[in-house]
Amino acid sequence: MRPEPQLATLRRPHAGSAPMAQVLGGVCLAAALAALLRPPRRHVVPAHAGTHAEHAATRPPSPPHHRPVVPAQAGTHAEHPATRHDASLVAARSLHHAAALLALSVLLDSAIEHYRGHFENPGMFAPLAASLAASWAGARAGHTRANGTIYATALATGLAGTAFHAYNLARRPGGLCWQNLFYAAPLGAPAALVLAGAYGLAATRVASKAPATLLGMPSGRALSGLTAIGIAGTVAEAGMLHFRGAYHRPAMWLPVTLPPLSVAFLLRAASGARDRLARACLGLTALLGVAGVAFHANGIARQMGGWRNWRQNLLSGPPLPAPPSFLALAIAGRAALQLQERGRMR
């Protein structure tokens, strides 16, 4: 009798381990998070302040009936302008960094997606140039003369890209349906470029004017509402893409559960309420932006061929540039809360 043939077991090919660049990328993102979310330094009293005090001490005392009476709150009013100016500069620098990180996320995401589309339309190069310029201007924290023009160009490019993606979505067979929302040109990427330009323009205005207002509203309240809208849009896009992935991993529920808490508390802060939980929720949202890069990198490593087949898996796997948008929005939200605290001090 012939022996029965043994069934060959199909083994899953070993996914290559993540390269060293993945580990270094996580360390760099953690260092950036620690640097951008550090508390602002206290205002240092200028050296000439003590000189005035010494001159006052060397002058002979005036008669009792001619001695001027200094109000008790005069010292606090003398400290407030410098403190408010310092807080404005710190908030403006945070907004510049948020704009740079958002623009960098759009740059990498657009480069991957438009490369997959073979740059069929010459307009696909426009968001790359606009996001690159905006990220450069934001990284320099406004130390460029043409930063306003750069941010305005990025905002206009993002608006044009959103309209163009919406047009492509509507002209596909079936029009506005779930399948086209899943697989057509994403609406979130150009909208993120709009936010990057808006944050950059807001940073230049906050740094140039002490009582800055945006759209007729106090700057902190307007930025809190804008950041809440941005986080809500990012949550919607992440939820839709994770739904396409069937939520096969429990961690995929985090982007649709934690950031909505930040939205709720930011809207409450925009209404004028003081809520310390907003800072805590924004901190969790920022950590989610850093951890999301590691999760997506692990998802690419689990693809067929792993990181050894990075040219294909970067296009077909989970997008690496998407999670840092949560970090950028959390930085902008903390800057908005800081501006609101400055407004209460006046």
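Positions are given from 1, in the same order as the sequence printed here.
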N/O donor-acceptor pair under 3.5 Å between Ser110 side chain and Leu107 backbone: no
Atom pair CG (Leu155) and CG (Leu193), whose distance is rounded to the nearest 0.5 Å: 8.0 Å
Cluster link Tyr247 to Leu288, ILVMFWY, side chain under 4.5 Å: no
Geometric class of the Phe119/Phe125 ring pair [parallel <30°, tilted 30-60°, perpendicular >60°]: parallel
CG-CG distance between Leu95 and Leu223, expressed to the nearest 0.5 angstrom: 5.5 Å
Heavy-atom closest pair, residues Leu282 and Arg334: CD1-N, 3.6 Å
Expected output: side-chain Arg172 to main-chain Asn180 donor-acceptor under 3.5 Å: no
Gap between atom CG of Asn309 and atom CD1 of Ile300 - 0.5 Å precision: 11.0 Å
Cluster check Leu159, Leu201: I/L/V/M/F/W/Y, side chain < 4.5 angstrom: yes
Hydrophobic cluster membership, Phe265 vs Leu258, 4.5 Å side-chain cutoff: no
Flag, side chain of Gln340 to backbone of Ala269, donor-acceptor distance under 3.5 Å: yes
same_hphob_cluster(Phe243, Trp253) at 4.5 Å side-chain heavy-atom cutoff: yes
Verdict with supporting geometry, Thr204 and His96, side chain to side chain contact (heavy atoms under 4.5 Å, CB included): CA-CA 8 Å; Thr204 56; His96 280 297; 4.0 Å; yes
From CG (Leu329) to OG (Ser105), nearest 0.5 Å: 9.5 Å
Chi angles and distances behind the side chain to side chain contact (heavy atoms under 4.5 Å, CB included) call for Thr285, Leu261: CA-CA 9 Å; Thr285 303; Leu261 298 177; over 6 Å; no
Smallest separation among heavy atoms of Ala270 and Gly225, with atom names: CB-N, 4.1 Å
Flag for Ser325-Thr234: side-chain donor and acceptor within less than 3.5 Å: no
Arg279 and Leu337: CA distance, side-chain angles, deciding distance, side chain to side chain contact (heavy atoms under 4.5 Å, CB included) verdict: CA-CA 8 Å; Arg279 295 182 179 271; Leu337 294 178; 3.7 Å; yes
Arg205 side chain near Ser219 side chain, heavy-atom distance below 4.5 Å: no
Donor + acceptor pair across side chains of His97, Tyr199 (<3.5 Å): no
Straight-line distance of Ser316 OG to Gln303 CD, nearest 0.5 Å: 4.5 Å
Contact check, side chains of Leu181 and Met240, non-hydrogen atoms, under 4.5 Å: yes
Thr227 side chain to Ser224 backbone, donor-acceptor under 3.5 Å: no
ILVMFWY network linking Ile229 to Leu102, side-chain heavy atoms under 4.5 angstrom: no
Approximate separation, where rounding is to 0.5 Å, of Leu108 CG and Glu113 CD: 11.5 Å
Side-chain donor/acceptor of Ser262 to backbone N/O of Cys281, under 3.5 Å: yes
Where Ala139 and Ala100 come nearest, the two heavy atoms and their spacing: N-CB, 3.5 Å
Which atom of Met304 lies closest to which atom of Asn313, heavy atoms considered: O-ND2, 3.3 Å
Minimum heavy-atom distance Ala189-Glu237, with the two atoms named: N-OE2, 4.5 Å
Atom of Ser135, atom of Leu132 and distance for their closest heavy-atom approach: OG-O, 2.8 Å
